[in-house]
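Letters A, B, ... mirror the listed sequences (proteins, then strands); counts begin at 1.
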Amino acid sequence: MASDSVHVTLPDGKVIDLPAAASAYDAAAAIGPGLARAALAAVVDGELVDLHRPLPQSASLRLITERDPEALGLLRHSAAHVLATAVRRLRPEAQIGFGPAIEDGFYYDFGVDEPFTPEDLETFEAEIQAVIDADFPFEREVVDKVRARELFRDDALKLERLEEFADGETITVYRDGPFLDLCRGPHVPSTGRLQHVKLLSAAGAYWRGDETRQMLQRIYGTAFFKDADLAAHLERLEEAKKRDHRVLGRQLDLFAVDARVGSGLILWQPAGAIVRNEIEDYEKELILRHGYELVYTPHVMSERLFEISGHLENFQENMFGAMEIEGARYRAKPMNCPGHICIYQAGQRSYRDLPIRYAEFGTVYRYERSGVLHGMLRVRGFTQDDAHVFCTEDQVPSEIEALLDLVDEMLTTFGYPYTIELATRPEKAMGSEEVWDHAIGQLRTVLESRGLPFDVDEGGGAFYGPKLDFKLIDAIGRKWQGPTVQLDFNLPERFGMEYIGEDNERHRPVMLHRVLVGSMERFVGGLVEHYAGAFPVWLSPEQVRILPISEQFSEPASAYVAELRSQGIRASLHDRESLNYRIREAEMRKVPYMGVMGEREVENGTVAVRRRGGGRKQEVLDRRVFADQVREEIRTRGSG
RNA sequence: GCUCCGGUAGCUCAGUGGUAGAGCGCUUCCUUGGUAAGGAAGAGGUCGAGGGUUCAAUUCCCUCCCGGAGCUCCA
């Protein structure tokens with residue numbers, strides 16, 4: 001065996017020997033021609049690298065094919081380069097920014113004088129195909145800073161990035177055909193490996209995300225290995241569009257906005273108000289059972305309160321401006337916590353009283369920049385299902401545990417799987433690092449002791465404390481902001497909160513902020529998309545619609561509607577137009593149950609029940625049996 | 001807030017330098033129907049607001065308001 005040969009260890013433990021300077025591709029070829037064709041890149045000693053990179057003398061090797069989880073990101077990153085290649089061919093003057101792979105695709109930022117149009121995207125797509133057909137190899141080159149400056153002498157944005165490299169740090173560039181980019185890599189072997197690339201949209205994006213910097217034009221796209229996967233992805237986008245809560249909100253008369261009311265302020269129509277009220281009723285029942293007490297606090301409060309709380313100092317840019325009454329300044333509250341603290345301080349508290357758990361559906365107002373407003377999901381006025389737990393430091397872990405139970409029970413009711421994130425100290429924060437570290441440690445300990453998996457969101461905490469964020473996963477796999485639990489050692493300090501301990505001394509309580517749904521507006525907006533407007537029966541604005549075959553049967557039908565209503569079921573009568581028409585109306589209105597009554601039913605005391613989305617299938621039931629079934633479904637908050 | 005795109009009937013949208021159309025919805029009438037649109041007639045619009053250019057502006061220009069795709073931020 002020659003001393004300069006290469007030994008690679010494969011995942012299955014098998015060792016193969018190759019000539020010096022052999023690449024992962026050579027290894028693949030040695031294993032079989034099929035693998036050599038399929039290989040896209042390799043993981044060598046744990047690092048993802050190009051397929052044609054020479055291997056070290058001794059290495060562990062795993063070949064990456066399109067079946068591996070790393071493959072899509074790799075493909076899309078290469079697709080971004082192919083996009084830039086195409087754009088540069090057609091627009092040589094375009095400055096190149098960054099072009100990474102992102103969750104569902106990739107983007108590339110360009111500095112151009114004129115923004116791109118939809119027609120431009122079509123032209124670029126055609127050129128992308130040409131670049132793919134040309135099958136340019138992706139070639140990696142290691143360069144020094146001097147050489148890199150020379151290569152990118154006309155690319156101001158790349159030069160700026162270049163200066164951030166430390167002296168001696170490895171700088172790599174990638175070339176595919178005519179295009180050269182400063183890039184860490186790795187890439188697929190050649191542009192021909194890209195097959196199914198689709199450009200999706202173009203929009204402005206600040207250079208490096210900094211609004212004081214130049215605005216670039218970002219092109220978003222996606223890429224897949226299989227045409228069917230691309231088609232499925234585009235279908236998912238269509239599906240998301242169909243579920244858009246703004247569209248369904250209008251169709252189902254759930255909520256409205258009105259320029260006369262103002263941007264980012266929601267008008268809840270009766271149907272939407274029912275959904276919201278059901279959630280609030282459910283949650284009240286839930287939290288009262290879990291030892292909470294309901295409180296109410298004003299919407300407008302003296303500005304001095306927010307000086308004490310620190311909101312004026314830390315949150316002012318998100319607050320509505322002050323209003324002046326008799327020389328005193330008032331503010332719309334941006335959070336409910338100061339009010340709840342004042343209620344705590346309305347009396348002397350003993351350790352025997354703790355934990356105290358105050359809950360309020362508290363409406364808050366926050367200034368949000370106009371560009372971020374979005375339907376019900378991002379607004380300027382919203383109602384939080386807010387609660388604050390005041391307890392001793394010793395009680396924190398058990399309170400967190402109780403909250404984890406509460407969150408789990410609620411999210412299960414709505415059919416949301418979820419993930420947990422632990423968010424740590426942000427740059428702008430109150431309180432010492434020791435206090436923060438201690439608080440973060442407590443949250444971490446509880447999660448770990450329960451064996452719950454979680455991610456860490458560095459710097460994602462609120463200014464007054466670390467938090468646990470729950471992310472919901474909806475019916476089409478998207479993530480939503482869910483419950484949050486925030487630990488706060490700071491506000492009790494600022495307000496000088498106290499309780500009398502067992503030792504008859506004054507002690508400072510710890511405070512937990514928590515929301516379950518977060519904002520009623522956002523949560524209901526999210527639910528609309530989650531259920532695609534077809535709410536489960538307990539949440540449906542209209543639960544049963546009774547359709548007499550003809551007006552001849554309106555009277556018994558109307559009597560049955562009254563009977564259902566008297567049992568607490570939201571039922572209505574629709575007796576105009578043809579039956580076909582009314583069935584269609586009810587289906588489009590997403591009413592969960594339609595009850596048809598004609599001669600047969602009237603004679604037999606039955607109702608022909610058709611389920612939403614169930615087509616012509618019907619079930620003839622005794623009227624009382626049907627009412628009982630619906631009531632039971634409502635009572636158990638079934639997800640049907 | 002910034003870049004770009006848009007705002008015409010309640011909704012979805014077409015259209016034009018000479019003050020406007022469709023479908024759905026709404027109203028009325030006819031139809032009395034067995035599981036996703038029965039038929040007819042009618043009402044409904046200062047073409048987002050203000051200013052400018054023009055003999056004439058919904059149409060062209062400017063400013064503002066509102067919405068959308070993003071950037072940044074976030075419950």
Side-chain angles (χ1 to χ4, degrees), chain A residues 107 109 112 114-118 200-220 244 246-247 250-251 253 256-264 315 317-318 334-336 362-386 460 462 467 469 480-484 486 513 515-523 525-526 547-554 575-589 594-601 608-618 620:
Chain A
Y107 67 78
D109 288 341
V112 285
E114 291 292 313
F116 298 124
T117 64
L200 297 171
S201 64
Y206 298 107
W207 170 232
R208 317 215 64 175
D210 180 344
E211 68 186 54
T212 64
R213 307 293 304 270
Q214 175 187 3
M215 182 159 280
L216 307 176
Q217 294 302 314
R218 174 170 300 178
I219 297 178
Y220 285 93
D244 190 320
R246 293 164 303 177
V247 175
R250 177 174 295 129
Q251 275 169 13
D253 294 324
V257 288
D258 188 320
R260 295 171 300 180
V261 174
S263 293
F315 205 67
E317 69 253 35
N318 287 294
M335 292 188 191
N336 299 301
T363 304
V364 297
Y365 291 89
R366 298 184 188 173
Y367 165 67
E368 297 283 357
R369 308 205 305 173
S370 60
V372 306
L373 299 176
H374 184 83
M376 295 182 102
L377 303 183
R378 193 71 185 276
V379 293
R380 286 180 176 157
F382 56 98
T383 300
Q384 291 181 306
D385 60 332
D386 212 353
K467 59 180 180 174
D469 269 328
W480 299 76
Q481 174 64 50
T484 69
Q486 306 180 345
H513 308 243
V515 294
L516 296 183
V517 308
S519 127
M520 296 310 300
E521 283 74 7
R522 178 177 286 181
F523 189 73
L547 313 173
I549 290 285
S550 79
E551 276 173 31
Q552 198 185 333
F553 308 107
S554 285
D575 62 354
R576 314 261 299 266
E577 306 293 332
S578 68
L579 184 65
N580 276 336
Y581 181 87
R582 287 176 284 150
I583 295 273
R584 179 164 189 272
E585 288 284 290
E587 287 284 0
M588 295 208 310
R589 202 74 194 177
M594 282 152 267
V596 175
M597 287 172 64
E599 195 173 357
R600 295 198 293 272
E601 290 76 15
V609 176
R610 172 178 165 135
R611 284 189 76 100
R612 168 182 66 198
R616 298 172 72 97
K617 209 166 60 188
Q618 63 167 333
V620 178

- [ ] For A:Pro115 and for A:Val257, locate the closest nucleotide of RNA chain B by heavy-atom distance; then report the residue assigned to the nucleotide nearer the 5' terminus.
- [x] A:Pro115
Task: Gap between atoms CD1 and P, on A:Ile219 and B:rC4 respectively (whole Å) - done: 16 Å
Task: Which residues share a salt bridge (Lys or Arg N to Asp or Glu O under 4.0 Å) with A:Arg616, sequence neighbours left out - done: none
Task: Side-chain donor/acceptor of A:Arg366 to backbone N/O of A:Pro334, under 3.5 Å - done: yes
Open item on the list: So does A:Pro548 get a backbone contact from the side chain of A:Arg582, meaning a donor-acceptor N/O pair under 3.5 Å?
Closed with: yes
Polar pairs (N or O, both sides) under 3.5 Å between protein and nucleotides 46-49 of chain B?
none

Task: With A:Tyr220 via ring-ring contact (aromatic ring centres under 6.0 Å, His included) - residues at least two apart - done: A:Tyr107
Task: Nearest-Å distance once atom C1' is located in both B:rG39 and B:rU31 - done: 7 Å
Task: Separation of the P atoms in B:rA40 and B:rU35, to the nearest angstrom - done: 23 Å
Task: Check: A:Arg380 side chain, A:Glu368 main-chain N or O, donor-acceptor pair, under 3.5 Å - done: yes
TODO: Specify the separation, in whole Å, of atom CZ of A:Arg589 and atom P of B:rC11.
DONE: 15 Å
- [ ] Using the P atoms only, state how far B:rG44 lies from B:rA20, rounded to an integer number of Å.
- [x] 14 Å
Open item on the list: Once ring-ring contact (aromatic ring centres under 6.0 Å, His included) is applied, do any residues pair with A:Phe382, and if so which ones, sequence neighbours excluded?
Closed with: none
Task: B/S/- contact track for nucleotides 69-75 of chain B, protein heavy atom under 4.0 Å - done: BBBBBBB
Open item on the list: Within the 4.0 Å limit for protein heavy atoms, which parts of nucleotides 27-35 of chain B are touched? Write it as a string from 5' to 3', B for base, S for sugar-phosphate only, - for none.
Closed with: -----BBBB
Open item on the list: Just to verify, what does A:Asp385 make a side-chain hydrogen bond (donor to acceptor under 3.5 Å, both in side chains) with, not counting sequence neighbours?
Closed with: none
Task: Atom pair distance, as rounded to whole Å: CG in A:Asp258 and P in B:rC11 - done: 11 Å
Task: Nucleotide-level pairing of RNA chain B, given in dot-bracket where Watson-Crick and G-U pairs need both distances under 3.5 Å and | marks other strands - done: (((((((..((((....[..)))).(((((.......))))).....(((((..]....))))))))))))....
Open item on the list: Could you tell me how far B:rU16 sits from B:rG45 if I compare only their C1' atoms? Round to whole Å.
Closed with: 16 Å
Open item on the list: Taking the C1' atom in each of B:rC64 and B:rG25, what is the distance between them to the nearest angstrom?
Closed with: 33 Å
Open item on the list: Looking at A:Arg378 and A:Leu373, would you say the former's side chain and the latter's main chain have a donor-acceptor pair under 3.5 Å?
Closed with: no
Task: C1' gap between B:rU46 and B:rG42, integer Å - done: 23 Å
Open item on the list: List the residues meeting side chain to side chain contact (heavy atoms under 4.5 Å, CB included) with A:Arg250, not counting sequence neighbours, and say none if there are none.
Closed with: none
Task: Residue that, paired with A:Asn336, satisfies side-chain hydrogen bond (donor to acceptor under 3.5 Å, both in side chains) out of A:Asp386, A:Thr363, A:Thr383 - done: A:Asp386
Open item on the list: Any base atoms under 4.0 Å from A:Ser263, or only sugar-phosphate, or nothing? Heavy atoms, all strands.
Closed with: sugar-phosphate
Task: Residues which pass side chain to side chain contact (heavy atoms under 4.5 Å, CB included) with A:Arg369, listed by chain and number, not counting sequence neighbours - done: A:Glu211, A:Tyr367
Open item on the list: Does B:rG25 have its OP1 or OP2 closer than 4.0 Å to a side-chain nitrogen or oxygen of A:Tyr581?
Closed with: yes
Open item on the list: Distance check, C1' atoms only: B:rG15 and B:rG23, in whole angstrom units.
Closed with: 15 Å
Open item on the list: Work out how far the C1' atom of B:rU53 is from that of B:rC62, and round it to whole angstrom.
Closed with: 11 Å
Task: Partners passing ring-ring contact (aromatic ring centres under 6.0 Å, His included) against A:Trp207 (at least two apart in sequence or in another chain) - done: A:Phe98
TODO: Please identify each residue that fulfils side chain to side chain contact (heavy atoms under 4.5 Å, CB included) with A:Asp244, with sequence neighbours left out.
DONE: A:Arg246, A:Val247, A:Glu529
- [ ] Spell out, as yes or no, whether a donor-acceptor pair under 3.5 Å connects the side chain of A:Glu587 to the backbone of A:Gly613.
- [x] yes
